[in-house]
Number of protein chains: 2
Amino acid sequence: MATPKYRVIANDLRSKIESGELERGGQLPTEGVLQKKYAASRNTVRDAMKWLINLGLVQTRPGQGTFVVEEISPFSTALTGIPVLPEELEAGLGGERDAYAAEVSAQGRDPDQQDPTVEIQKAIGVAAQELQLVGESFVVVRHQRRYIDGAPYSLQTTFYPMHLVEEGATALIQAQDMPSGAVRYLEEKLGLKQAGWIDRITVRPPDQNEAEFFGLAEDGRIAVFETFRTGYDDALRPLRLTVTVYASDRNQFIQTVGRVPPIQTPDPGPSGGAG
Amino acid sequence: MATPKYRVIANDLRSKIESGELERGGQLPTEGVLQKKYAASRNTVRDAMKWLINLGLVQTRPGQGTFVVEEISPFSTALTGIPVLPEELEAGLGGERDAYAAEVSAQGRDPDQQDPTVEIQKAIGVAAQELQLVGESFVVVRHQRRYIDGAPYSLQTTFYPMHLVEEGATALIQAQDMPSGAVRYLEEKLGLKQAGWIDRITVRPPDQNEAEFFGLAEDGRIAVFETFRTGYDDALRPLRLTVTVYASDRNQFIQTVGRVPPIQTPDPGPSGGAG
DNA sequence: GCAAATTTGTTCGTATGTATT
DNA sequence: CAATACATACGAACAAATTTG
């Protein structure tokens with residue numbers, strides 16, 4: 001058998017979905033109907049369904065049926081202020097707190113975040129690496145859950161070297177929102193200005209916490225964005241590491257360089273094909 | 001039954017993988033062994049395996065067995081030159097051709113790309129939208145496949161408004177590499193300087209072409225990054241749209257703002273948890 | 001509100017095909 | 001060639017979720 005039967009069925013349905021013969025949000029024939037149509041057993045039809053589910057083309061609802069997935073209008077997150085000007089850099093831009101609320105509001109949505117949880121941990125993994133901590137070092141870890149219009153938006157974790165607290169930035173270990181942003185606080189308190197930062201964007205499957213928070217299918221089908229932002233002071237010493245996780249099916253990142261027209265919330269649509 | 005048996009099996013194996021009891025690259029017990037161990041039928045054991053495959057934790061090799069997946073060291077692609085300085089913007093930076101070769105070489109790897117294929121198409125979808133073309137407009141479409149160390153790296157498609165060709169930029173419709181970059185060519189030929197651009201980064205399942213090119217599993221388990229870069233001239237008119245697709249399991253994006261230390265190829269490692 | 005019908009989810013058994021050792 | 005291990009395919013039964021009557 002050249003191509004397995006379940007793949008033949010899946011490919012046939014796939015082309016009907018992509019051609020529009022089966023509408024977005026529309027229902028597929030039930031398993032029973034497909035069995036007769038393709039002269040296949042129920043298990044084989046179900047294997048075809050699983051394939052389409054993995055491709056992100058359909059979803060099943062027990063007791064109801066199988067449906068073509070609807071398009072999600074993604075939320076746009078700016079990697080940098082729009083646009084990045086030297087004056088802004090001078091001002092020590094790069095705090096996520098203000099940027100978040102401003103950006104969400106600008107897109108006509110309602111930002112919300114809970115009070116952070118704060119822990120002190122031994123520095124390990126990326127935190128130790130990015131903050132250049134060696135030996136027995138400790139970090140202040142601030143977690144925060146963010147919502148937009150009441151729906152989960154991001155999980156953010158920021159790591160600060162513990163020595164910042166010892167040097168006087170004691171608010172870092174208090175489980176309270178920092179309305180003006182931690183970056184600004186560090187500048188006011190310790191005179192540490194964030195001179196720049198490095199962003200790293202990756203994609204990976206969600207862990208169980210993340211799947212639950214974002215309401216993603218537990219099977220890890222939908223990946224999450226993970227961004228790492230390491231901020232540096234004037235002496236190019238790392239100030240903080242912020243790790244933010246977003247669901248990849250409803251978010252996109254925007255960034256501008258130089259002079260550009262005003263940004264309008266974009267509609268993804270068909271790409272026209274890079275293949 | 002609270003949790004299905006296949007999920008119980010999968011969760012048990014998952015914890016053994018995440019705890020390190022089962023090593024990276026190591027082999028899992030065969031289906032037959034797992035049947036006896038969990039007192040389950042072969043199909044149920046296989047359902048557990050499918051779950052772990054979807055989570056990206058294991059892979060199966062017919063005739064050999066099931067193995068814990070190995071970590072992939074990601075390649076880093078810079079969204080912007082490092083760092084972005086006003087002088088660079090003045091120079092009309094933003095051509096992908098030079099940036100690609102320079103960046104790959106900088107990471108000690110060998111860049112390679114084939115001659116582009118060139119088509120002329122009616123402007124539809126994102127191309128029409130981003131290039132602000134209305135009615136019956138046409139675009140020059142240049143496809144390019146890029147490789148690093150011989151391995152597939154990216155699929156790039158750039159759309160130029162057809163009127164640029166009519167105004168004299170005839171090299172755009174020739175299926176040849178443009179060593180100095182199309183952006184520079186447009187400046188030399190038509191005096192059109194790219195004053196800035198907007199990047200948009202999204203993630204989605206691969207289509208069949210992409211899965212084949214990147215050697216991804218056909219089941220769409222591994223997503224692809226899709227970046228949209230729209231370049232604008234001095235008058236803020238769109239010059240071009242470049243759509244680039246990368247495999248998400250072996251690539252990450254880096255971007256710097258302000259003053260930062262020299263970038264070293266980062267090792268992702270465990271995040272320390274944003275959950 | 002309840003019962004029946006419909007639809008997908010889980011589990012077992014079995015047989016045969018294909019890839020690798 | 002034989003043994004091993006995963007892949008495909010069929011049939012059957014019961015469970016769980018949802019809609020319908």
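The figures here come from the full heavy-atom set of this structure, side chains too, leaving out hydrogens, waters and symmetry mates. Naming convention: chains lettered A, B, ... in sequence-line order (proteins, then strands); numbering from 1 in each chain.
- If you measure from atom NZ of B/K50 to atom P of C/dG9, you get 13 Å, rounded to the nearest angstrom.
- With hydrogens and angles left out, the side-chain atoms of A/T157 and A/H143 include a donor and acceptor closer than 3.5 Å.
- Rounded to a whole Å, the OH atom of A/Y38 is 14 Å from the P atom of D/dA9.
- Between the CE atom of B/M49 and the P atom of D/dC6 there is a distance of 8 Å, rounded to whole Å.
- Remark: B/R61 is positioned above the aromatic ring of B/F67, its terminal NZ or CZ atom under 6.0 angstrom from the ring centre and at most 45 degrees off the axis.
- Taking atom CH2 on A/W51 and atom C1' on D/dT8, their separation rounds to 13 Å, with Å as the unit.
- Note on B/S41: every side-chain N or O is 4.0 Å or more away from OP1 and OP2 of C/dT11.
- Note that B/R200 lies in the cation-pi zone of B/F228, set by a 6.0 Å cut-off to the ring centre and a 45° limit from the axis.
- If you measure from atom CD of B/Q59 to atom P of D/dA5, you get 18 Å, rounded to the nearest angstrom.
- Going from atom CG of A/N43 over to atom P of D/dA12 covers 12 Å, rounded to whole Å.
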Atom pairs under 3.5 Å, N or O on each side, protein against nucleotides 6-8 of chain C: can you list them with distances?
from: C/dT7; atom 1: O2; to: A/G63; atom 2: N; distance (Å): 3.4
from: C/dT8; atom 1: OP2; to: A/E31; atom 2: N; distance (Å): 3.0

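- Remark: the A/Y6 side chain and the A/N43 side chain contain no N/O donor-acceptor pair separated by less than 3.5 Å.
- A close approach under 4.0 Å does occur between a side-chain nitrogen or oxygen of A/K5 and OP1 or OP2 of D/dC10.
- B/F213 and B/Y147 have their aromatic ring centers within a separation under 6.0 angstrom.
- C/dC12 atom C1' lies 18 Å from atom NZ of B/K36, rounded to whole Å.
- Between the OH atom of A/Y6 and the P atom of C/dT18 there is a distance of 14 Å, given to the nearest Å.
- Taking the six-membered ring where the residue is Trp, B/Y153 and B/Y246 present perpendicular rings, their angle passing 60° and hence far from 30°.
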